[in-house]
Protein chains: 4
Amino acid sequence: MPPPAAAQASAPAQSVREAILDAAERRFADRGYAGASLRDIAAEVGLKNQASIYHYFKNKKALYEATLARTVQTLVPLWQGAGDAIAGAVDGSGAAASAAFLDSVLDHLEQHPDVARLIERAGMDDDRYARTTVPRLLRPLYTAGLDVLDRAGGPWPPEQLPHVATGLYHLIFGYFANASLLRAVMQDDPYTPEMFARQRVFLRAAVAQLLGIAPAPARPAVQKGRNRR
Amino acid sequence: MPPPAAAQASAPAQSVREAILDAAERRFADRGYAGASLRDIAAEVGLKNQASIYHYFKNKKALYEATLARTVQTLVPLWQGAGDAIAGAVDGSGAAASAAFLDSVLDHLEQHPDVARLIERAGMDDDRYARTTVPRLLRPLYTAGLDVLDRAGGPWPPEQLPHVATGLYHLIFGYFANASLLRAVMQDDPYTPEMFARQRVFLRAAVAQLLGIAPAPARPAVQKGRNRR
Amino acid sequence: MPPPAAAQASAPAQSVREAILDAAERRFADRGYAGASLRDIAAEVGLKNQASIYHYFKNKKALYEATLARTVQTLVPLWQGAGDAIAGAVDGSGAAASAAFLDSVLDHLEQHPDVARLIERAGMDDDRYARTTVPRLLRPLYTAGLDVLDRAGGPWPPEQLPHVATGLYHLIFGYFANASLLRAVMQDDPYTPEMFARQRVFLRAAVAQLLGIAPAPARPAVQKGRNRR
Amino acid sequence: MPPPAAAQASAPAQSVREAILDAAERRFADRGYAGASLRDIAAEVGLKNQASIYHYFKNKKALYEATLARTVQTLVPLWQGAGDAIAGAVDGSGAAASAAFLDSVLDHLEQHPDVARLIERAGMDDDRYARTTVPRLLRPLYTAGLDVLDRAGGPWPPEQLPHVATGLYHLIFGYFANASLLRAVMQDDPYTPEMFARQRVFLRAAVAQLLGIAPAPARPAVQKGRNRR
DNA sequence: GATGAATGAGGATTCATTCAT
DNA sequence: AATGAATGAATCCTCATTCAT
């Protein structure tokens, strides 16, 4: 995984298979499983024929699952990094570790605008499509997150941790998943550097609060100075 | 739990038009715009033929927009209640007002399990479907929420308020929108009374923190006692 | 049949039945039997419901045949006039009689722009629709025309008369039936008074020639003076 | 009658695309644009599925326009031949040239019984279908015809030439376009050799008269002798 | 490895028609 | 006399998928 920001646009894809996955990621993120057509995906890759896709993937569902798997897999290192940082954290550095984790996730989501939408859709698409795949892929991330949360030792009682974990997920991923709605409703492009920086500030503070790291959210002045990237 | 406006399930619908909207709400929430078929919707209503739907709605798109509009409109009173409560809040009662608002929203989402999924999908479905309708419907809720946030006078600087507002939205709605994913990943049904109560506890604390109302989230013991509904 | 130029537009139709026939005439002429829908016809009449048509006509085919019958019937008097004039013609006045007939037909077609298209379509629509009706309606006109031709005693041998008759029909009706094509191809509106007058001049000369009445078509100068109506 | 370009009927079509065009020509001519169904066309070609048609044509309209274009294009050589003949005509041979042209057109229409109906329908189908295509296709033929007429130097003043041209068109094509009506009304099959020969005789005389070539239509005896083919 | 061709299934939409009111 | 409601059939069109090349 040498280049972190890769293959998103129409760059010379390493392999056709990879190019198909790229196009599929975009289409599935944009329109969902049912709304994305193999014809469109093939066309976007430059393939003249949908049949070509079947050389690389058994059928639409397999392509979907491969797309999802690839996308989720790129998140795994981030989680691992977080786990390691927390594990090796001496007293007090937990805050720094979690902030670093948040930043790495935000960087990733900013550079891969399809990821959040793809995962959010996968989570909503009723078990009709990809019945077992989605849980199988996402569960590791969930348990890892839970584990981090547990070891970080926040103010939450154990039975609340699942809710905290999913809450953090929605807080962070929601902004990116709903970017197109936010654009219309906020009347501002969420991917603008300014907007994005503000979101980062907000999330830093919010996450810190939820994790019981920040004593109080009274950070406005400081944040203002910090939110340039 | 005696809600006056029920008719969500397979109760004897007042009118056919309303029954169609009910079925459409379920299908669109479950499968999204592209994945829902008029045939299925008609069948669920008991109509023998998709053609009947066209007696009540011009198009699939028109049906979708009507469904969405009806769903969103049922949220408006909640927002208005919140606005009024905050407006009339004497010093210190803002916390109670916002807690009441949160509770009313949670009650609504629990009783209408399609609402969150429907709105979340509408926000993600790229402008291909319902280009202008979604913003038009949701913007009032957004500005109202922003207004409440502003008057509540939390610790956030003004330019952060949009991010706080949408953050709260994702925090609250995300749990319900992704219920099916959570079910698989948490290995617990999010709509179980116990799970739901825990989520309520979590959200109360989280929202209070984010609004700067609660000094610290160290509320486990108290919450445990309060979260039975 | 008091008013010759009647009920074409949205004038206060005598009866609903008549109004339906008016709308049907327009639609069937514009789009043909298959292309015209009862919904459109009902809407054009102002009826809110296609079902209302069924109070007046058994089904679409019956409406079509009634429309056709009414349209053709309005032509019958013209033919009769021609027959009478020819029958009572003293030597040499045959030319005047046939010219008068042509003029009356042209007046009628100018004022009823649907007639020619309706009949032309009926003649082309393969026996699928209105199998026996069309011949039954049009045959009288044909035989009458043949009779006139015969008695007029032109230069054609008897076995050619059917071809002359139909040739005249196409010559005269074709211009009106294909008006929309001519408009595009000639780049001039065939219903313009000027264009129409020229067509009249042309037809007068052409018909006279074909009937052997005019010794030669060298009529330009005279025609120019005559073609104002 | 050994025409090199046949393949009109159910002969083994060169390519599927061509076979589809053949079937479409027949259906569109028989029933018009609205009345012809892709299902029927596919079935007539032997395709088991309407979907196959979409492999060759974008949609029904595109198929229609391709059909029309192909049909009209087969007429172009005839027109060119006429133009050349007239252009190279020494004094007096204009009559022969125009007679030859008429004969070639009649031969073509006899062998391709759909052509006249297809074009006539295209001219009538209100601009709803094939708005610009029909004029674009037919205008060249019109202007070419006009040109020939002009150079032929008949007795008509210039402003009458468009009317003469379209009149000739209707005179010639009308017989074939309305063949099914004529069959019912004349009670004789217009495509019978005898009928067809008589029509040829009629048209020869009529065209000659209209072009001012024949001094008088008193040709019965000669025609009788000539009309066996 | 890629493509052209074909196809069955399904999806939205329109249409003629019927029935009860 | 007119309409609302419902429906079966058909229409255009898209989609996923397969097969031969």
Side-chain angles (χ1 to χ4, degrees), chain A residues 15-17 20 31 33-42 45-64, chain B residues 15-17 20 31 33-43 45-64, chain C residues 15-17 19-20 33-42 45-64, chain D residues 15-17 20 33-42 45-64:
Chain A
S15 74
V16 175
R17 196 191 134 94
I20 293 175
R31 321 238 238 256
Y33 180 84
S37 82
L38 292 186
R39 196 197 320 269
D40 276 5
I41 293 173
V45 178
L47 293 169
K48 294 192 174 177
N49 198 307
Q50 342 166 22
S52 307
I53 293 183
Y54 287 80
H55 267 273
Y56 298 92
F57 303 95
K58 184 169 154 272
N59 53 24
K60 188 182 182 182
K61 196 167 158 231
L63 170 59
Y64 179 61
Chain B
S15 75
V16 174
R17 197 190 134 95
I20 293 175
R31 320 239 238 256
Y33 180 85
S37 87
L38 293 185
R39 203 198 306 268
D40 280 0
I41 293 174
V45 178
L47 294 168
K48 301 193 176 168
N49 201 308
Q50 346 168 20
S52 306
I53 293 183
Y54 288 84
H55 215 72
Y56 298 91
F57 302 95
K58 186 172 153 276
N59 270 349
K60 189 182 183 183
K61 195 169 160 230
L63 170 60
Y64 178 60
Chain C
S15 74
V16 175
R17 197 190 134 93
I20 293 175
Y33 180 84
S37 83
L38 292 186
R39 196 198 318 271
D40 275 4
I41 293 173
V45 177
L47 293 170
K48 294 192 175 178
N49 198 308
Q50 343 166 21
S52 307
I53 293 182
Y54 287 81
H55 265 274
Y56 298 93
F57 303 94
K58 183 170 155 272
N59 53 24
K60 188 182 182 184
K61 196 168 158 230
L63 170 59
Y64 178 61
Chain D
S15 75
V16 175
R17 197 191 134 95
I20 293 175
Y33 180 85
S37 87
L38 292 185
R39 202 199 307 266
D40 279 1
I41 293 175
V45 178
L47 294 169
K48 300 194 176 167
N49 200 309
Q50 345 168 21
S52 306
I53 293 183
Y54 289 85
H55 214 73
Y56 299 92
F57 302 95
K58 187 171 151 275
N59 51 26
K60 190 182 182 182
K61 195 167 159 233
L63 170 60
Y64 179 61

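Numbers restart at 1 for each chain; the letters A, B, ... are given by sequence-line order, proteins then strands. Worth saying up front: this structure is predicted, and the values here are computed from it rather than measured.
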Expressed in angstrom and rounded to an integer, what is the separation of [X] atom [atom1] from [N] atom [atom2]?
X	N	atom1	atom2	answer
D/Arg17	E/dA6	CZ	P	13 Å
C/Leu63	E/dC15	CG	C1'	14 Å
B/Tyr33	E/dG11	OH	P	14 Å
C/Ile53	E/dT18	CD1	C1'	14 Å
A/Lys58	F/dA16	NZ	C1'	12 Å
C/Leu47	F/dG4	CG	C1'	14 Å
C/Leu38	F/dA2	CG	P	16 Å
B/Asp40	E/dG11	CG	P	7 Å

Could you write out each protein N or O paired with an N or O of nucleotides 8-10 of chain E at a distance under 3.5 Å?
residue : atom : partner : partner atom : Å
E/dG8   : N7   : D/Asn49 : ND2          : 2.2

Dot-bracket, DNA chain E: Watson-Crick or G-U, under 3.5 angstrom, [ ] crossing, | other strand? .||||||||||||||||||||

[X] and [Y]: which non-hydrogen atoms are nearest, and at how many Å?
X	Y	value
D/Tyr54	D/Asn59	CE2-CA, 3.9 Å
A/Ala34	B/Gly35	CB-CA, 3.5 Å
A/Ile53	A/Ile41	CD1-CG2, 4.1 Å
B/Ala36	B/Lys60	O-NZ, 2.8 Å

How long is the span from the [atom1] atom in [X] to the [atom2] atom in [Y], to the nearest 0.5 Å?
X	Y	atom1	atom2	value
C/Tyr64	C/Lys61	OH	NZ	11.0 Å
C/Asn49	C/Arg39	CG	CZ	9.5 Å
B/Tyr56	B/Ser15	OH	OG	7.5 Å

Please determine, for the side chain of [X], which listed nucleotide ([options]) has the closest atom?
X	options	result
A/Tyr54	E/dT7, E/dT17, F/dA16	F/dA16
C/Val16	F/dA16, F/dC13, F/dA2	F/dA2
B/Tyr56	E/dA16, E/dA12, F/dA6	F/dA6
B/His55	E/dT13, F/dC12, F/dA5	F/dA5

Is D/Lys58 reaching over with its side chain to a backbone N or O of D/Leu63, donor-acceptor style, under 3.5 angstrom? no

Does OP1 or OP2 of E/dA12 have a side-chain N or O of B/Asn59 closer than 4.0 Å? no

Test item: D/Leu47 and D/Ile20 side chains (from C-beta on) under 4.5 Å apart, heavy atoms: yes

Base, sugar-phosphate, or nothing for C/Ala36, non-hydrogen atoms under 4.0 angstrom? sugar-phosphate

